[in-house]
Protein chains: 2
Amino acid sequence: MARSASSQPTEVELQILRILWQSGGATAREVHNALAAAEAKETNYSTTVKMLAVMLEKGLVKRDESASPQIFSAATSQKATQRRMLGDLIDKVYDGSALSLVLQALSSRKATAGELTEVRRMLDELEKSRLPRPDHE
Amino acid sequence: MARSASSQPTEVELQILRILWQSGGATAREVHNALAAAEAKETNYSTTVKMLAVMLEKGLVKRDESASPQIFSAATSQKATQRRMLGDLIDKVYDGSALSLVLQALSSRKATAGELTEVRRMLDELEKSRLPRPDHE
DNA sequence: GCGAAGTAGCGAACGAATTCGCTACGTCAA
DNA sequence: TTGACGTAGCGAATTCGTTCGCTACTTCGC
């Protein structure tokens with residue numbers, strides 16, 4: 001499978017991206033530690049560095065080489081990635097129906113009253129101004 | 001291999017599952033044809049059979065061996081699989097927040113008025129009877 | 001019964017993702 | 001300067017998903 005285009009970040013890549021999104025940027029060591037902390041990952045430091053290198057090649061992360069320990073940061077925003085993966089899921093398992101995904105998300109995970117209100121507000125907005133809401137991220 | 005637990009169906013497995021969900025059950029040949037029809041897949045028939053065998057091992061599909069050409073069917077319902085993958089996505093890319101997923105799904109994909117009404121109805125139900133809505137599938 | 005056409009199954013090949021070992025380089029304190 | 005310690009990078013090994021070739025078994029018409 002040629003991966004550069006049209007395909008999602010892999011499992012581990014996603015974990016690393018999450019770390020970078022949250023920290024805004026980190027050294028290889030920091031990423032490695034966060035990775036180890038997040039789960040019983042117990043991988044070699046070299047592995048993390050390699051992953052970062054691979055992701056750099058794929059264009060998933062950026063790197064500031066001027067810094068003493070190099071600083072890595074995500075190349076794509078979390079929102080853009082979310083949108084991409086969400087669309088993918090909808091196509092692949094919901095037969096393209098965003099509606100059924102939303103309904104299922106609402107029904108299967110118990111939402112708080114505040115959250116429901118939030119959704120309602122979003123609905124109001126959508127219904128009021130039915131504009132081709134730009135995909136600004 | 002033995003990945004029975006904790007991991008999602010792979011790309012091709014999902015395609016096959018979708019075919020089985022829609023048809024309710026099919027022979028290897030039918031699955032193969034549907035696969036070929038769905039996209040420019042152009043794979044060998046043996047490949048499809050092998051995939052089915054692997055999925056059988058993983059417990060993703062069931063098989064009626066008594067039928068003359070064996071009949072394969074999905075072992076898990078589409079809803080259950082959707083729920084599982086949705087939860088996975090929420091954890092992996094939405095930091096566990098179903099709310100932000102819902103908001104993004106609503107805002108990025110233009111929903112029809114009817115769909116919005118549908119969502120609203122669901123909200124009403126949820127707010128009215130805030131029961132620990134059982135995970136019936 | 002016999003051959004044709006399709007079904008079932010096995011093991012190996014291939015590629016991509018993940019892992020690690022080993023080497024080289026940089027920094028910093030004694 | 002030199003040794004300790006951490007960072008950077010390369011190539012190879014491993015694992016897993018996917019693909020196929022080859023062989024055996026069924027079914028059906030002749």
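Each chain gets a letter, A, B and so on, in the order its sequence line appears, and its residues count up from 1.
- OP1 or OP2 of dT19(D) has not a single side-chain nitrogen or oxygen of Thr43(B) nearer than 4.0 Å.
- Looking at Leu52(A) and Leu56(A), their side chains never come closer than 4.5 Å, going by heavy atoms from C-beta outward.
- Going from atom CG of Leu52(A) over to atom C1' of dC10(D) covers 16 Å, rounded to whole Å.
- For Arg29(A), no side-chain nitrogen or oxygen approaches OP1 or OP2 of dG6(D) to under 4.0 Å.
- Between Thr48(B) and Ala28(B), the shortest heavy-atom distance links the atoms CG2-O, 4.1 Å.
- Glu11(B) places its CD atom 16 Å from the C1' atom of dG15(C), with the value rounded to the nearest Å.
- Between Met85(B) and Leu14(B), the closest side-chain pair of non-hydrogen atoms falls below 4.5 Å.
- With distances taken from any side-chain atom of Lys50(A) to the nucleotides dC20(C), dC10(C), dT7(C), the minimum falls on dC20(C).
- Nucleotide dA16(C) holds its P atom 18 Å from the CE atom of Met55(A), rounded to whole Å.
- In this structure, Ser46(A) and Thr27(B) both approach DNA chain C, and ranking their closest nucleotides by distance from the 5' end singles out Thr27(B).
- Rounding to the nearest 0.5 Å places CD of Glu125(A) at 11.0 Å from CG of Leu106(B).
- For Leu14(B) and dG17(D), the CG to C1' distance is 14 Å, given to the nearest whole Å.
- Between Glu13(B) atom CD and dT18(D) atom P there is a gap of 6 Å when expressed in whole angstrom units.
- Counting only N and O atoms by type, the side chains of Ser46(B) and Asn44(B) include a donor and acceptor under 3.5 Å apart.
- Note on Arg63(A): a side-chain N or O is less than 4.0 Å away from OP1 or OP2 of dG9(D).
- A salt bridge links Asp124(B) to Arg120(A): one of the charged nitrogens lies within less than 4.0 Å of a carboxylate oxygen.
- If you measure from atom NZ of Lys58(B) to atom P of dG17(D), you get 4 Å, rounded to the nearest angstrom.
- Inter-residue side-chain proximity for Phe72(A) and Met55(A) is flagged as unmet; no heavy-atom pair is nearer than 4.5 Å.
- Distances shown here put a side-chain N or O of Gln70(B) below 4.0 Å from the OP1 or OP2 atom of dA8(C).
- In this entry the distance linking CG of Asn44(A) with P of dT14(D) reads 15 Å, nearest Å.
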Set out, line by line, the N/O atom pairs under 3.5 Å between protein and nucleotides 25-30 of chain D.
none

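- In this structure, Met51(A) atom CE and dG9(D) atom C1' are separated by 14 Å, rounded to whole Å.
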